[in-house]
Amino acid sequence: MPELPEVETIRRQLAPLTVGRTVLGADSHPSTKFTPARLMIGATFTGVGRRGKYLLFSTNDDRELVAHLGMTGSFRFTGSDRAPTGAHLRAWWQLGPGQERDDGVDVLRFDDIRRFGRLRVVTAGDYSDIPTLAGAGPEPFDPDFNAEQFWERLAVGKRRIKTKLLSQRPIAGVGNIYADEALWLAGINPNVSRLGRQRAADLLDALRIVLDQGLANGGTTLRDYRNIDGGSGENQKQLNVYGRGGQACPRCHHVLRSAAIDGRTTTWCPTCQRH
DNA sequence: GTACGGCCCTGTTAGC
DNA sequence: TGCTAACAGGGCCGTA
């Protein structure tokens, strides 16, 4: 389930392999989630960016290919000019040689077992048809984003803090794993709806710590996440609470509780995340 | 504008 | 051993 660290890891790998290369051919699974891939034929990639959990491939014709990996999506780069195959292949792009390189034709492929991922092609910067992206909060590592702003964003609405984090609106790029980890680190109960200024600041600090750690470890691989080399992340070894319901809290050694909050499995320590 | 439930999907796992 | 049902969950959409 790729979140910010996983998507950023993939972005860093994809950029040098795609920028400056022209899409010679493309095809996709028939689902409209993936057919926009075909609209890239003829375009040249000029950059690979990221916003929250979305990958943004910019092109020389002022468009962007917007990709969300869903839960099981993955990009792979294959040094072959043949049309790829595979039970979970959802889209692929045949890339011509770059202007400053003499490599041949390669294929960028997008596989997605559960088909929760999606692709869109938009005018550069116009995300009005992608509501979560359009409404996404600041990037966690944006130096202009401070605790006061985070507190104000968290104050909107009456939903529980866990639900607010997953909505992407207070801050971008946080999913179930890093939300649970950050709430545990900050000692905040996922069921509370409002936080004071200091606790919001603590939560922002915790989010930055767990996301930075995830990035440093190449992401978290629980089952499906793979980087574009097919390699796994290492961050799963660092998790304190996610997926550990019923086990001892690493901090206070009481039993971790696991329950669904607004349909999302959440694990927390009822003792040291009491409020 | 906000809250909330249902849906999309398929591989894995638990239970019988 | 083999079958069935439950479960995982990010984002979107319709309804209240």
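Chain letters run A, B, ... following the sequence lines, proteins first and then strands; every chain starts at 1.
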Output the rounded distance in Å from CG (A:Leu55) to P (C:dG11).
12 Å

Can you name the one residue among A:Glu64, A:Arg120, A:Arg51 that meets side chain to side chain donor-acceptor pair (under 3.5 Å) with A:Tyr127?
A:Glu64

Are A:Asp112 and A:Arg118 ion-paired here, with the side-chain N under 4.0 Å from a carboxylate O?
no

Send over the distance from A:Arg90 CZ to B:dC9 P, rounded to a whole Å.
10 Å

Separation of C:dG10 P from A:Ile177 CD1 (nearest whole Å)
8 Å

Is A:His88 near enough to B:dG11 that one of its side-chain N or O atoms lies under 4.0 angstrom from OP1 or OP2?
yes

Just the rounded figure in Å: distance from P of C:dG10 to CD1 of A:Ile261.
13 Å

Separation of A:His29 atom NE2 from B:dT10 atom P, in whole Å?
7 Å

Ranking C:dA8, C:dG10, B:dT2 by distance to the side chain of A:Lys53, first place goes to C:dG10

If you check every side-chain atom of A:Val156, which of B:dA3, B:dT2, C:dG10 has the closest atom?
B:dT2

In terms of the angle between their ring planes, are A:His29 and A:Phe34 parallel, tilted or perpendicular, with boundaries placed at 30° and 60°?
perpendicular

Closer to the 5' end of DNA chain B via nearest nucleotide, is it A:Arg264 or A:Lys158?
A:Lys158

Heavy atoms under 4.0 Å, any strand shown: does A:Phe34 hit a base, just sugar-phosphate, or nothing?
nothing

From C:dG10, B:dC9, C:dC12, nucleotide with atom closest to A:Arg115 side chain
B:dC9

Candidate list A:Asn191, A:Leu203, A:Val192, test side-chain contact (heavy atoms from CB on, under 4.5 Å), partner A:Leu183, passing option
A:Leu203

Proximity to the side chain of A:Arg118 - top-ranked nucleotide from C:dA8, B:dT10, C:dG11:
C:dG11

Between A:Arg159 and B:dC4, is there a contact of a side-chain N or O with OP1 or OP2 at under 4.0 Å?
yes

Determine the contact category for A:Leu69: base if any of its heavy atoms lies under 4.0 Å from a base atom, sugar-phosphate if only primed atoms, P, OP1 or OP2 are that close, otherwise nothing.
nothing

Run the numbers on A:Asp27 and A:Arg38 for salt bridge (charged side-chain N to carboxylate O under 4.0 Å, His left out), then give the verdict.
CA-CA 5 Å; A:Asp27 205 352; A:Arg38 307 170 188 175; 3.4 Å; yes

Side-chain contact check for A:Pro131: nearest option of C:dG11, C:dC13, C:dG9 is C:dC13

Less than 5.5 Å between centroids and less than 30° between ring planes, does A:Phe116 satisfy that with C:dG11?
no

Tell me: CG of A:Asp112 to P of C:dG10, nearest whole Å?
13 Å

For C:dA8 and A:Thr265 - does any side-chain N or O of the residue sit under 4.0 Å from the phosphate oxygens OP1/OP2?
yes

Strictly below 4.0 Å: does A:Tyr242 bring a side-chain N or O up to OP1 or OP2 of C:dG9?
yes

To the nearest angstrom, how far is A:His68 atom NE2 from C:dG10 atom P?
9 Å

Rounded to whole angstroms, how far apart are CG on A:Leu133 and C1' on C:dG11?
12 Å

Should we count CZ of A:Arg160 as having more than 12 external heavy atoms under 6.0 Å?
yes

Of the nucleotides C:dG9, B:dA3, C:dG11, which one has an atom closest to the side chain of A:Gln168?
C:dG11

With the side chain defined as heavy atoms from C-beta on, A:Tyr54 is closest, among C:dG9, C:dC12, B:dC4, to C:dC12

